[in-house]
2 protein chains.
Amino acid sequence: MKKIQVPKESVKRLFLYLRNLNYLAQEGRETISSDKLAQDIYVSAAQVRKDLSYFGDFGRKGVGYNVQSLISDIKSVLGLDKKWLVALVGVGRLGSALLNYPGLEELGFQISVAFDIDPKKIGKTYREVKIKDSSQIEKIIKKEKIKIAIITVPVSAAQKTADVLTKAGIKGILNFSPKYLTIPENVKIKTVNIAIELGNLAYYLTHSESEARSFI
Amino acid sequence: MKKIQVPKESVKRLFLYLRNLNYLAQEGRETISSDKLAQDIYVSAAQVRKDLSYFGDFGRKGVGYNVQSLISDIKSVLGLDKKWLVALVGVGRLGSALLNYPGLEELGFQISVAFDIDPKKIGKTYREVKIKDSSQIEKIIKKEKIKIAIITVPVSAAQKTADVLTKAGIKGILNFSPKYLTIPENVKIKTVNIAIELGNLAYYLTHSESEARSFI
DNA sequence: TTGCGATTGTAATCACTTTCACAATTATAA
DNA sequence: TTATAATTGTGAAAGTGATTACAATCGCAA
């Protein structure tokens, strides 16, 4: 095991390995080789081994990796060995879609509270998640010690929402509004922009000699 | 101008430059330097120039870039100089959220038809988009010569949907189901997995010495 | 017309990531 | 017990991407 900078792409691939491992566990598989683990993800066996080696020696030479223990090792590496409470701000179409998004809990995420400013929505319960008034963001997030939030408000309200969230102690933001959000240095932000994803597709369709496959 | 492999990240950054340029155009700015263009995107001026240089010599030494012509040059490079018709399959919560997603038309994308299997939805018009029976996917996509599709069906139907779409001549797929889709070599696919995005956030929160900022 | 500050485009360098290739280890069968 | 096939972990090499630094060019003011 070494203590050097881990490539961002290696981290992303860990999620893919984890997904494969979960399938294998379901099938009752006990051990797996890097070669098999790499299958279907368009990655080499050496890449798999290298990625894993950034975090520890998880395999046994001549044998491979134990499926169950590799699952828990990767989960632990990714910080998925505990439950993450998530706050959702903006219960519009996209927001309520996310409340129903399958696979969040699989990785240990639980949207535990949602906020909106629409009086018609406030007070309702959506998929066991209570919708609260946005004016209570700071109070509730502080009280529940929530660290991750999803922003699905209209673009005009996005920056103000980010400000309130960071003030409330949120440390990670998944932002769906197509806009720069200015946030403190110590807060992590990830922006998902669907128009840009489509745009990428358009680029690679236009220049179709290259590739745009992405299995993440 | 050179003819070498363009880094994927460079292509992504072009979208950010384009967004900045659109703001600048609105403000009536006529020319702009790589230095100013880089601002707010956490990128160096040299990076901007390098990215642009993969596609041509768009600037003038001592002067900078003409805002209007750089906009159209970048659009042309990205394949956004024409309108792209897009088919949407699966008008559930996420699907209907995408029908309302602002910013798609800004880049020239138009969801021109949507498909679902629910008789209660078929025939309705959603934001000027007619919802058709999924059994007609192949016929309509062939007729309209649509090249890009978005898959927002439940995970259980995703692979079958991808099969039909590629059979109909779709060349690019934006996939929102958390699953591998097996598709022909010449079809481009981009998968958006919200759980993995959150997972990335969790990783960088857990290992908070590194960074997870991403402005795309 | 000349000189100067601004700015690009890119060659060279530096940094990071992936691939290669093989010693070390393990299980198993003879 | 020994030989063999399977498989990992990793140092070194190759490949890719980002940064640096500067010659070349431009507009403008004197």
Side-chain angles (χ1 to χ4, degrees), chain A residues 1-14 16-17 20-21 24 29-39 41-67 69-70 73-74 77 209-216, chain B residues 1-14 16-17 20-21 24 29-39 41-67 69-70 73-74 77 209-216:
Chain A
M1 173 161 180
K2 303 200 283 181
K3 179 61 193 174
I4 62 160
Q5 172 66 26
V6 179
K8 273 203 314 260
E9 292 298 318
S10 293
V11 175
K12 285 192 192 172
R13 283 190 293 265
L14 291 186
L16 306 186
Y17 306 151
N20 271 183
L21 286 163
L24 292 163
R29 219 27 221 261
E30 286 197 358
T31 63
I32 189 74
S33 66
S34 58
D35 193 41
K36 293 278 185 306
L37 201 44
Q39 222 154 6
I41 337 189
Y42 291 72
V43 150
S44 70
Q47 181 77 79
V48 173
R49 298 199 296 277
K50 187 65 127 187
D51 287 342
L52 293 174
S53 78
Y54 289 122
F55 300 99
D57 294 356
F58 303 122
R60 291 181 65 197
K61 298 181 184 189
V63 181
Y65 300 88
N66 177 281
V67 172
S69 62
L70 188 54
D73 285 336
I74 291 182
V77 160
E209 60 295 354
S210 350
E211 48 69 68
R213 289 186 171 233
S214 156
F215 292 88
I216 295 189
Chain B
M1 176 162 181
K2 302 200 284 184
K3 179 60 191 179
I4 63 161
Q5 172 66 26
V6 179
K8 272 206 310 260
E9 293 298 317
S10 293
V11 175
K12 285 193 192 172
R13 283 189 293 265
L14 291 186
L16 305 187
Y17 306 152
N20 271 184
L21 286 163
L24 292 164
R29 217 32 218 259
E30 287 198 357
T31 63
I32 189 76
S33 67
S34 59
D35 193 40
K36 293 280 184 308
L37 202 44
Q39 222 153 7
I41 335 188
Y42 292 71
V43 150
S44 70
Q47 181 77 78
V48 173
R49 297 200 296 276
K50 181 69 124 187
D51 288 342
L52 294 174
S53 78
Y54 289 121
F55 301 100
D57 294 355
F58 302 124
R60 292 180 66 197
K61 298 180 181 184
V63 181
Y65 301 88
N66 178 282
V67 172
S69 63
L70 188 54
D73 285 335
I74 291 182
V77 160
E209 61 293 356
S210 348
E211 46 71 64
R213 292 187 168 230
S214 155
F215 292 88
I216 295 191

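Labels below follow one simple rule: chain letters A, B, ... track the order of the sequence lines, proteins then strands, and each chain is numbered from 1. Since this is a predicted model, take the numbers as computed values, not measurements.
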task: Rounded to the nearest angstrom, tell me the gap between atom CG in L70(A) and atom P in dT8(D).
output: 11 Å

query: Can you check the D57(A) CG to dT10(D) P distance for me, whole Å?
result: 5 Å

statement: Between V6(B) and F55(B), the two heavy atoms sitting closest are CG1-CZ, 3.7 Å

- request: Please lay out, stage by stage, how R13(A) and V43(A) fare under the test side-chain contact (heavy atoms from CB on, under 4.5 Å).
  value: CA-CA 9 Å; R13(A) 283 190 293 265; V43(A) 150; 3.7 Å; yes

- prompt: To the nearest angstrom, how far is L52(B) atom CG from dA18(D) atom C1'?
  reply: 15 Å

Closest listed nucleotide, where the reference is the side chain of P7(B) and the choices are dG9(C), dG17(D), dT8(C): dG17(D)

- prompt: Counting side-chain heavy atoms from C-beta on, which of dT18(C), dG17(D), dT7(C) comes nearest to Y54(A)?
  reply: dT18(C)

message: Does T31(A) form a side-chain contact (heavy atoms from CB on, under 4.5 Å) with V67(A)? I'd like the steps, not just the answer.
response: CA-CA 5 Å; T31(A) 63; V67(A) 172; 5.6 Å; no

query: Any side-chain donor paired with an acceptor under 3.5 Å for Q39(B) and D35(B)?
result: no

task: With the side chain counted from C-beta on, respond yes when L52(A) and I74(A) share a heavy-atom pair under 4.5 Å apart, and no when they do not.
output: yes

query: Once you round it to whole Å, what is the distance between C1' of dT7(D) and CZ of F58(A)?
result: 17 Å

query: Taking the side chain of E9(A) as heavy atoms from C-beta outward, which of dG9(D), dA18(D), dT18(C) is closest to it?
result: dT18(C)

- prompt: What is the distance from CD1 of I41(B) to P of dA18(D), rounded to the nearest Å?
  reply: 14 Å

- request: Scan nucleotides 19-30 of chain D nucleotide by nucleotide, 5' to 3', and note B when protein non-hydrogen atoms come under 4.0 Å of the base, S if they reach only the sugar-phosphate, - if neither.
  value: BBB--BBBS---

field: Contact summary for R49(B) and Y65(B), nearest pair of heavy atoms
entry: CG-OH, 3.7 Å

- prompt: Does OP1 or OP2 of dG9(D) have a side-chain N or O of S53(A) closer than 4.0 Å?
  reply: no

d(CG, L14(A); P, dT17(C)) in whole Å: 14 Å

Shortest non-hydrogen separation from L37(B) to N20(B) and the atoms involved: O-OD1, 3.4 Å

query: NZ of K8(A) versus P of dA15(C): gap in Å, rounded?
result: 18 Å

query: If only side-chain N and O atoms of Y65(B) are considered, is one of them under 4.0 Å from the OP1 or OP2 phosphate oxygen of dG9(C)?
result: yes

task: Figure out the NZ/P separation between K36(A) and dT7(D), and round it to whole Å.
output: 6 Å

